[in-house]
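Here's the structure we're looking at; comments come further down.
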Amino acid sequence: VQLVESGGGSVQAGGPLRLSCVASGYNMEGKCMAWFRQIPGKEREQVAYIVTDGTTTYADSAKGRFTISQDKSKNMLNLQMNGLKPEDTAMYYCAATTNQVTSWCLSHPKPTDFAYWGQGTQVTVS
């Protein structure tokens, strides 16, 4: 399984950014996938989760500003970020699991619950 993120960069506060994650060797159908982020010296924290029936859930910091989505035809996970704030500055990671239980995904599983990770893409908001 390989996850490759893209779309990070530098943006001014209030601006948008769209992250993408292409999964290879992984069938996302029915699985829980997520975005996490991490600042150096701090623990990796949740951002958003999705199950392929379209059910989503978000960390409080992302609610109302971020949207997680999937394009199953491209085996791609996306994160649309609007109204970015300097405190959103972090390395953003795509994560995937073999778990197919929707209720589990919606319970905001921890990073250690995810078996597969991308290399990360840096988002800097100034």
Under a single-linkage definition using a 4.5 Å side-chain heavy-atom cutoff for Ile, Leu, Val, Met, Phe, Trp and Tyr, are [X] and [Y] assigned to the same hydrophobic cluster?
X	Y	result
Leu77	Tyr116	yes
Ile68	Tyr26	yes
Met81	Val11	yes
Leu3	Met28	yes

Whether Lys31 side chain and Asn27 backbone form a donor-acceptor pair below 3.5 Å: yes

Check for a donor-acceptor pair, side chain of Arg37 on one end and backbone N or O of Ala90 on the other, with a separation under 3.5 Å. no

Ser6 and Met76: side chain to side chain contact (heavy atoms under 4.5 Å, CB included), yes or no, with the steps? CA-CA 11 Å; Ser6 61; Met76 181 181 291; over 6 Å; no

Using side-chain heavy atoms (C-beta onward) and a distance below 4.5 Å, is [X] in contact with [Y]?
X	Y	answer
Asp53	Thr102	yes
Leu19	Glu5	no
Gln122	Thr124	yes
Pro86	Gln12	no
Met33	Cys94	yes

Quick one: [atom1] on [X] to [atom2] on [Y], what's the gap to the nearest 0.5 Å?
X	Y	atom1	atom2	value
Ser61	Gln46	OG	CD	7.5 Å
Ser20	Leu79	OG	CG	9.0 Å
Glu29	Gln70	CD	CD	8.5 Å
Asp113	Cys105	CG	SG	10.5 Å
Thr67	Arg18	OG1	CZ	9.0 Å
Lys110	Glu43	NZ	CD	11.5 Å

When you look at Lys85 and Asp88, which way does the salt bridge (charged side-chain N to carboxylate O under 4.0 Å, His left out) test go after all the steps? CA-CA 5 Å; Lys85 305 174 182 179; Asp88 294 317; over 6 Å; no

Chi angles and distances behind the side-chain hydrogen bond (donor to acceptor under 3.5 Å, both in side chains) call for Thr97, Asn99: CA-CA 5 Å; Thr97 178; Asn99 196 303; 5.4 Å; no

Side chain to side chain contact (heavy atoms under 4.5 Å, CB included) between Leu17 and Val123, worked out: CA-CA 9 Å; Leu17 209 57; Val123 172; 3.9 Å; yes

For Asn82 and Gln80, which I'm curious about, is there any donor-acceptor pair between the side chains at under 3.5 Å? yes

Between Ile39 and Thr89, the two heavy atoms sitting closest are CG1-O, 3.6 Å

Closest heavy-atom pair, Ala59 versus His108, reported as atoms and distance to 0.1 Å, is N-CE1, 4.0 Å

Pairs flagged by ring pair (Phe, Tyr, Trp, His ring centres under 6.0 Å) wherever residues 27-46 is involved - sequence neighbours left out: Phe36-Tyr49, Phe36-Phe114, Phe36-Trp117

Among pairs that include at least one residue of residues 54-95, which meet ring pair (Phe, Tyr, Trp, His ring centres under 6.0 Å), considering only residues two or more places apart or in two chains? none

